[in-house]
There are 2 protein chains.
Amino acid sequence: MDKQQEILAAALKLFVENGFHGTPTSKIAKEAGVANGTLFHYYPTKDDLIVSLYISIKLRMATHIAEQITDGADYKTMFKTQFIQALYWAMEHQAEFQYVQQFYSSPYQAMLQSAELQQIMDKNCHDIQRAIDDKVIKDLPVDYIFTMISSHLNGIHQYLKNANLDEKKQNETIAQTFGLLWDMLT
Amino acid sequence: MDKQQEILAAALKLFVENGFHGTPTSKIAKEAGVANGTLFHYYPTKDDLIVSLYISIKLRMATHIAEQITDGADYKTMFKTQFIQALYWAMEHQAEFQYVQQFYSSPYQAMLQSAELQQIMDKNCHDIQRAIDDKVIKDLPVDYIFTMISSHLNGIHQYLKNANLDEKKQNETIAQTFGLLWDMLT
DNA sequence: ACATTTGTCGACTGATTAGTCAATCTAAAA
DNA sequence: TTTTAGATTGACTAATCAGTCGACAAATGT
């Protein structure tokens with residue numbers, strides 16, 4: 001792992017633990033095992049670091065999900081795969097997922113303008129629109145559908161995090177939740 | 001409005017605008033029109049202020065909802081009233097609702113231990129349990145149901161905030177969302 | 001071999017911050 | 001009227017923090 005990645009990993013850990021407020025750049029550098037100045041070599045300001053970390057996480061998550069989708073599947077399978085893989089990833093990367101939420105409900109969110117992230121979201125919305133046009137999903141605004149799926153994802157993740165079920169029960173719950181969601185949208 | 005309330009109002013405004021990180025206590029005091037020391041008279045530390053503000057908002061929201069429920073209604077009406085009133089309140093108190101989310105997904109959340117808030121949540125869970133026992137709501141874990149309702153609430157709020165519909169369309173969407181949620185849970 | 005860019009270091013600084021404190025004010029009780 | 005307890009003030013401080021800078025090292029190109 002190179003220094004830049006070490007910095008991101010250290011920042012993730014400390015931001016989730018102590019918040020943006022509670023983590024000085026000096027402690028991030030220390031945790032990453034680099035000098036103070038090195039951090040500012042890669043990220044000119046603390047805000048840059050905070051935003052870059054968010055983008056980096058979202059990109060990693062999107063990559064994971066994109067790797068799992070199989071071509072030529074029907075809508076339900078496609079959405080189900082994405083939903084379930086997103087959850088798996090979230091459960092295996094709790095800190096990352098928590099950071100995403102922390103960032104998203106903070107004022108830093110307003111600083112975000114990433115073409116890459118926009119592209120991913122456009123793709124998701126496009127998939128939803130296609131499913132609506134093909135009369136698979138109910139004819140409701142795309143943003144509405146998208147928000148519903150996202151908040152379901154957050155909700156079930158929060159539940160699973162607290163409930164601490166064994167793996168079998170957990171997978172059952174995930175599949176069941178997608179079932180409820182799918183019935184709701186179709 | 002007395003000084004203590006002025007402090008809470010100023011803190012809310014600035015925390016939502018600039019985050020916990022970006023708002024010094026000195027600016028809160030200034031915005032509230034009180035001296036620096038007065039703030040620390042009411043809230044010994046900045047953390048105290050942050051947590052107290054959260055509790056104060058949740059309590060105000062719960063009070064509003066409690067005022068609207070009518071006795072002797074069936075389960076659907078009861079849940080619908082609560083769901084809709086929660087949304088109305090959220091739409092009319094955007095800053096407060098945003099603060100709640102900001103706080104909840106931050107590490108400050110771990111500091112929270114309020115008997116009053118616990119009591120409100122217990123009541124909600126109790127209502128859900130009763131509806132399950134009476135076979136109105138599906139037999140799933142109470143926490144699961146609770147999480148589903150909460151995340152629906154967050155999702156639809158986020159959608160409405162961004163979509164900026166006129167009042168009629170907004171009310172329609174709210175009613176429709178509750179419909180979908182209710183069908184899912186029963 | 002040399003030159004140039006890029007990465008790394010850590011001591012340093014100017015500005016800012018949470019929280020203190022002794023003095024003053026207010027209002028109601030005794 | 002006098003006492004007393006809480007409310008209010010704002011100057012003050014000790015500590016902390018984001019970001020700089022000049023020196024040096026490593027890698028890369030010529």
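Numbered from 1 within each chain, the chains take letters A, B, ... in sequence-line order.
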Closest listed nucleotide, where the reference is the side chain of A/F40 and the choices are D/dT8, D/dT20, C/dC9: D/dT20
Salt-bridge present (B/D127, B/R130; N to O < 4.0 Å): yes
Separation of atom CD in B/Q4 from atom P in D/dG6, rounded to whole Å: 15 Å
Distance-only donor-acceptor check, side chains A/N154 and A/S151, under 3.5 Å: no
Side chain of B/N36 - closest among C/dG19, C/dC9, D/dT9: C/dG19
Selected nucleotide, minimal atom distance to A/H41 side chain, candidates C/dG19, C/dG7, C/dC9: C/dG7
side-chain N/O B/K27 vs C/dT16 OP1/OP2, d < 4.0 Å: no
Residues B/K168 and B/E172 bridged, charged N to O under 4.0 Å: yes
Short side-chain donor-acceptor distance under 3.5 Å, A/Y88 and A/H64: no
Nearest listed nucleotide, side chain of A/Y42, among C/dT8, C/dA18, D/dT8: C/dT8
Side chain of A/K46 (C-beta onward), nearest among C/dG19, D/dA18, C/dT17: D/dA18
side-chain N/O B/T25 vs C/dA18 OP1/OP2, d < 4.0 Å: yes
